[in-house]
Asks: 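I'd like to ask some things about the structure below.
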Amino acid sequence: MYALVDANNFYVSCERVFQPRLDGRPVVVLSNNDGCLISRSAEAKALGLRMGDPYFQVKPLLEQHHVTVFSSNYALYGDMSRRVMWYLGQVAPAVEVYSIDEAFLDLHGLVPFVVESLDAYARTVRANVLARTGIPTCVGIAPTKTLAKLANRLAKKLPALGGVLHLDSEDRRRWALEQVAVQDVWGIGRQYATKLHAAGITTAAALAGCTEAYARRHLGGVVGARLVRELRGYPCLGLAPSEDGTLARRSLCCSRTFGRPLSAFPDVTGAVSAFASRAAEKLRRQGDAAHLLTVFLGKSRYGPEPPPYSCSTTLTLPVATSDTVALVRYARAALKKLWQAGHRYTNAGVVLDGLEPAGQAQLGLFEVAPVSEKRARLMAELDALNRRFGKGTVRLAATALAPGQVVSPWEGQAQWRTPQYTTRLEDLLLVG
DNA sequence: TCTGGGGTCCTAGGACCC
DNA sequence: TCTGGGGTCCTAGGACCC
């Protein structure tokens, strides 16, 4: 048995923890650069606001209904997420952190020796997460991950269930499959949904009833075959336990849409250097080194220019590294290869791939380790200082502002950002 | 004027090897 | 000159997820 614990409107819920007066009121959180809606309270959803709506398009509606608007505050959300995941780690035999606001729990062996019923267990977990962190969640329990996802969706949708749905019988499984539209099944996106509707398959139940050959042919090969089997109740996807409540990535990316289009090489170089530097920090945090580095540059897909909207170049590094100085230098070299004068670039990013545990790089016969002990210590110091005093306290000159600049030219809007209540001493909430 | 920022996995095809 | 059946590795692209 698997459980999926999923927060309700996670980013909105995080903001509400620190502003309880917003309970029951419409609230939204915007993406980077205050671009789109990425989290909506139930009240905001009821107004017809959709995930991904561009802010400037729905602004009149937001004002008309006095919707509270927040810029995203990932330092806060990340910290709240760690609290939730830590607690789940205490009460479940194994936890897979699936995203910032969702976790799969492996419940095999809990009943009857540890808990009496999974239903009661789920209700307790849910109540404790709320009491300890202020974050409301729903729980779906089923024999497969795909069915747990589906149960979770119904637990969210049907208030009468009290936030928990356990698909503990064949009848309940069949009933649940009937309630869910095919496009809402985990693993069915826009393309597949269109194809399935055209074939007359409109519910999860109908999808569960299609042949394996059909699934293989039309839903991405083995992926589709697994999906259908999971819906029928045969587990094909195992739990990938997350050590210490965090997810070790196979690739890392740091990218941003600029506050405004940039055409000057030094501006974009500054941005790419900052992204490479940030990516290097993430890499060291998970204890890895990278041997592939990609830089990409993007142009607006909403402007008059035809595709392609982005270009990229990948460097194979001679030796895997997590050193900021080295990665920034490679990123700048890659950007130079990519750069074409005269374009208005709207976004850029740095991707690190080919990750391996740091310090285990295989050296060729005639190679010497390029990252000295001294350099590794320097990086450790840098990370410690930035952890203690806030991101960006210590950084490379390459990522610093030019003389006379107040903000980086690539940084965007964040008009409604809340303080980092839980991760910066200066922003601690004062009660008095 | 203003449209996010991360990730995963799979497949097909080509280069190259024995 | 032409012929075979495996393999592996890499890359690009496409689908999906939150």
Side-chain angles (χ1 to χ4, degrees), chain A residues 4 6-11 28-39 50-60 62 69 71-74 77-78 81 96-104 145-146 149 152-153 183-196 215-227 236-237 240 242 246-261 275 278-279 282 286 291-292 294 296 298-303 307-314 316 344 346-355 411-415:
Chain A
L4 177 66
D6 187 352
N8 305 346
N9 322 321
F10 182 57
Y11 299 163
V28 299
V29 174
L30 304 182
S31 66
N32 178 57
N33 214 13
D34 294 341
C36 322
L37 272 52
I38 53 170
S39 183
R50 286 159 307 179
M51 184 73 172
D53 278 347
Y55 169 68
F56 75 93
Q57 282 178 4
V58 294
K59 195 175 170 197
L62 296 171
V69 176
S71 303
S72 42
N73 183 347
Y74 286 102
Y77 311 150
S81 172
E96 174 183 340
V97 177
Y98 177 67
S99 73
I100 194 163
D101 67 344
E102 285 169 88
F104 285 103
K145 289 169 98 177
T146 306
K149 267 286 215 190
N152 187 288
R153 166 172 275 276
Q183 64 269 25
D184 296 331
V185 171
W186 190 38
I188 300 299
R190 254 226 299 272
Q191 309 287 327
Y192 292 164
T194 305
K195 217 188 275 188
L196 289 166
R216 269 182 195 278
R217 173 111 180 69
H218 297 285
L219 305 176
V222 300
V223 182
R226 278 205 292 252
L227 196 164
C236 301
L237 304 171
S242 314
T246 61
L247 203 51
R249 304 294 189 181
R250 304 168 73 87
S251 71
L252 291 175
C253 174
C254 182
S255 73
R256 287 288 179 283
T257 297
F258 306 139
R260 57 180 166 85
F275 302 159
R278 177 80 191 102
K282 291 190 195 177
Q286 68 172 53
H291 87 113
L292 291 171
T294 301
F296 64 86
K299 293 182 282 185
S300 175
R301 24 184 94 241
Y302 306 101
Y309 298 116
S310 83
C311 53
S312 72
T313 186
T314 300
T316 302
R344 288 158 50 85
T346 55
N347 66 302
V350 173
V351 183
L352 300 179
D353 263 311
L355 307 191
E411 269 172 310
Q413 294 288 308
Q415 258 183 273

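Given the structure is predicted, the values throughout are model-derived calculations rather than measurements. Proteins get letters first, then strands, A, B, ... in listed order; numbering begins at 1 in each.
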Asks: For the pair made of CG in Leu227(A) and P in dC10(B), what is the distance, rounded to whole Å?
Replies: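 It is 13 Å, rounded to the nearest whole Å.
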
Asks: Closest-nucleotide mapping onto DNA chain B: is Gly220(A) or Met51(A) further toward the 5' terminus? I mean the 5' end.
Replies: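 Counting from the 5' end, the first nearest nucleotide belongs to Met51(A).
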
Asks: Starting at atom CZ of Arg190(A), determine the distance to atom C1' of dG14(C), rounded to an integer number of angstrom.
Replies: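 So the two atoms are 14 Å apart, to the nearest Å.
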
Asks: Which nucleotide sits closest to the side chain of Tyr74(A): dG4(B), dC18(C), dT3(B)?
Replies: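 Nearest nucleotide to the side chain: dG4(B).
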
Asks: Would you indicate, yes or no, if dG5(B) has its OP1 or OP2 atom less than 4.0 angstrom from a side-chain nitrogen or oxygen of Ser72(A)?
Replies: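 The answer is no; no side-chain N or O of Ser72(A) sits under 4.0 Å from OP1 or OP2.
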
Asks: Pairing check on dC10(C): which nucleotide meets the Watson-Crick or G-U wobble criteria with it, both distances under 3.5 Å?
Replies: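 Pair assignment: dC10(C) / dG13(B).
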
Asks: What does Leu252(A) touch in the nucleic acid at a heavy-atom separation under 4.0 angstrom: a base, only the sugar-phosphate, or nothing?
Replies: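 Sugar-phosphate: the residue Leu252(A), judged by heavy atoms under 4.0 Å, touches backbone atoms but no base.
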
Asks: Mind checking Asp34(A) for me? I need base, sugar-phosphate or nothing, with any heavy atom below 4.0 Å counting as a touch.
Replies: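 Nothing: the residue Asp34(A), judged by heavy atoms under 4.0 Å, touches no strand.
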
Asks: Keeping Ser300(A) on the side-chain end and Tyr302(A) on the backbone end, is there a donor-acceptor pair under 3.5 Å?
Replies: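 Looks like yes, one N/O pair under 3.5 Å.
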
Asks: What's the CG-C1' distance between Asp353(A) and dG7(B), to the nearest Å?
Replies: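 Distance check: Asp353(A) CG to dG7(B) C1' gives 11 Å.
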
Asks: Are Lys149(A) and Phe104(A) close enough that some pair of their side-chain heavy atoms sits under 4.5 Å apart?
Replies: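 Side chain of Lys149(A) against side chain of Phe104(A), heavy atoms only: contact under 4.5 Å found.
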
Asks: Expressed in whole Å, how much space separates the P atoms belonging to dT3(B) and dC18(C)?
Replies: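 Here dT3(B) and dC18(C) have their P atoms 24 Å from each other.
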
Asks: Please determine, for the side chain of Thr257(A), which listed nucleotide (dG4(B), dC18(C), dG6(B)) has the closest atom?
Replies: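 So the nucleotide nearest the side chain must be dG4(B).
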
Asks: May I ask you to test the Trp186(A)-Arg153(A) pair for a side-chain heavy-atom distance under 4.5 Å?
Replies: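 No, side chains not in contact.
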
Asks: Tyr11(A) OH to dC18(C) P: how many Å, rounded?
Replies: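 Those two atoms, OH and P, are 12 Å apart.
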
Asks: Of the nucleotides dC10(B), dC2(B), dG5(B), which one has an atom closest to the side chain of Asn32(A)?
Replies: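 Looking only at side-chain atoms, Asn32(A) lies closest to dG5(B).
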
Asks: Looking for any heavy atom pair under 4.0 Å, which part of the strands does Val29(A) touch: base, sugar-phosphate only, or nothing?
Replies: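 No contact.
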
Asks: Given dC18(C), is OP1 or OP2 found less than 4.0 Å from the side-chain N or O atoms of Lys149(A)?
Replies: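 Indeed, a polar side-chain atom of Lys149(A) lies that close.
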
Asks: Classify the nucleic acid contact of Arg301(A) as base, sugar-phosphate or nothing, counting any heavy atom under 4.0 Å across all strands shown.
Replies: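 Nothing, no heavy atom under 4.0 Å.
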
Asks: Counting just side-chain N and O atoms, does Asn33(A) come under 4.0 Å of either OP1 or OP2 of dG4(B)?
Replies: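 For Asn33(A), the contact criterion (side-chain N or O under 4.0 Å from OP1 or OP2 of dG4(B)) is not met.
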
Asks: If you check the Cys36(A) side chain, which of dG4(B), dC18(C), dG7(B) turns out closest?
Replies: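 Output: dG4(B).
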
Asks: Report yes if a side-chain nitrogen or oxygen of Ser255(A) is closer than 4.0 Å to either non-bridging phosphate oxygen (OP1 or OP2) of dG4(B); otherwise report no.
Replies: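 No.
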
Asks: A side-chain contact here means heavy atoms from C-beta on lying under 4.5 Å apart; do Asn347(A) and Phe296(A) qualify?
Replies: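 Side-chain contact under 4.5 Å: yes.
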
Asks: Where do Asp353(A) and Arg250(A) come nearest, in terms of heavy atoms and distance?
Replies: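 Heavy atoms only, the tightest pair is OD1-O, 4.1 Å.
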
Asks: Once you apply a heavy-atom cut-off of 4.0 Å, does Ile188(A) come out as touching a base, just sugar-phosphate, or nothing?
Replies: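 Sugar-phosphate only.
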
Asks: Of all the nucleotides listed (dG6(B), dC16(C), dT8(B)), which has the minimum atom distance to the side chain of Arg250(A)?
Replies: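 Selected nucleotide (nearest to the side chain): dT8(B).
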
Asks: Would a 4.5 Å heavy-atom cut-off, applied to side chains only, mark Lys282(A) and Arg249(A) as touching?
Replies: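 Side-chain contact under 4.5 Å: no.
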
Asks: Look at all strands and tell whether Glu102(A) reaches a base, only sugar-phosphate, or nothing, counting heavy atoms closer than 4.0 Å.
Replies: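 Touches sugar-phosphate only.
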
Asks: Would you say Tyr302(A) stacks on dT3(B), if stacking means ring centres under 5.5 Å apart and planes within less than 30 degrees?
Replies: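 Tyr302(A) ring centre within cut-off of dT3(B) base, planes near parallel; stacks.
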
Asks: Taking side chain as C-beta onward, heavy atoms only, is Tyr55(A) less than 4.5 Å from Val28(A)?
Replies: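 Answer no - side chains too far apart.
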
Asks: May I ask you to say what Arg260(A) touches in the nucleic acid, namely base, sugar-phosphate or nothing, with a heavy-atom cut-off under 4.0 Å?
Replies: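 Contact class for Arg260(A): none.
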
Asks: Quick check: on DNA chain B, is the nucleotide nearest Val223(A) upstream (toward 5') of the one nearest Tyr55(A), or the reverse? Name the residue that is more 5'.
Replies: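 In this pair, the answer is Tyr55(A).
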
Asks: Rounded to the Å, how far apart are Ile38(A) CD1 and dT3(B) P?
Replies: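 The answer, rounded to whole Å, is 15 Å.
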
Asks: Provide, to the nearest angstrom, the distance between the CZ atom belonging to Arg153(A) and the C1' atom belonging to dC17(C).
Replies: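 It is 13 Å, rounded to the nearest whole Å.
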
Asks: Gln191(A) has an atom CD; how far is it from atom P of dC9(B), in whole Å?
Replies: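 One finds 21 Å between P of dC9(B) and CD of Gln191(A), rounded.
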
Asks: How many Å lie between CZ on Arg50(A) and P on dG4(B), as a whole number?
Replies: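 After rounding, the reported distance stands at 15 Å.
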
Asks: Arg226(A) side chain N/O closer than 4.0 Å to the phosphate oxygens (OP1, OP2) of dC10(B)?
Replies: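 Looking at the OP1 and OP2 atoms of dC10(B), one of them is under 4.0 Å from a side-chain N or O of Arg226(A).
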
Asks: Less than 4.0 angstrom between a side-chain N/O of Lys282(A) and OP1 or OP2 of dG6(B), yes or no?
Replies: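 Result: yes.
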
Asks: Does a nitrogen or oxygen in the side chain of Ser300(A) sit under 4.0 Å from OP1 or OP2 of dT3(B)?
Replies: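 No, Ser300(A) has no side-chain N/O under 4.0 Å of OP1/OP2 on dT3(B).
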
Asks: Counting only side-chain heavy atoms from C-beta out, which of dG7(B), dC10(B), dG5(B) sits nearest to Arg249(A)?
Replies: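 Minimum distance to the Arg249(A) side chain belongs to dG7(B).
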
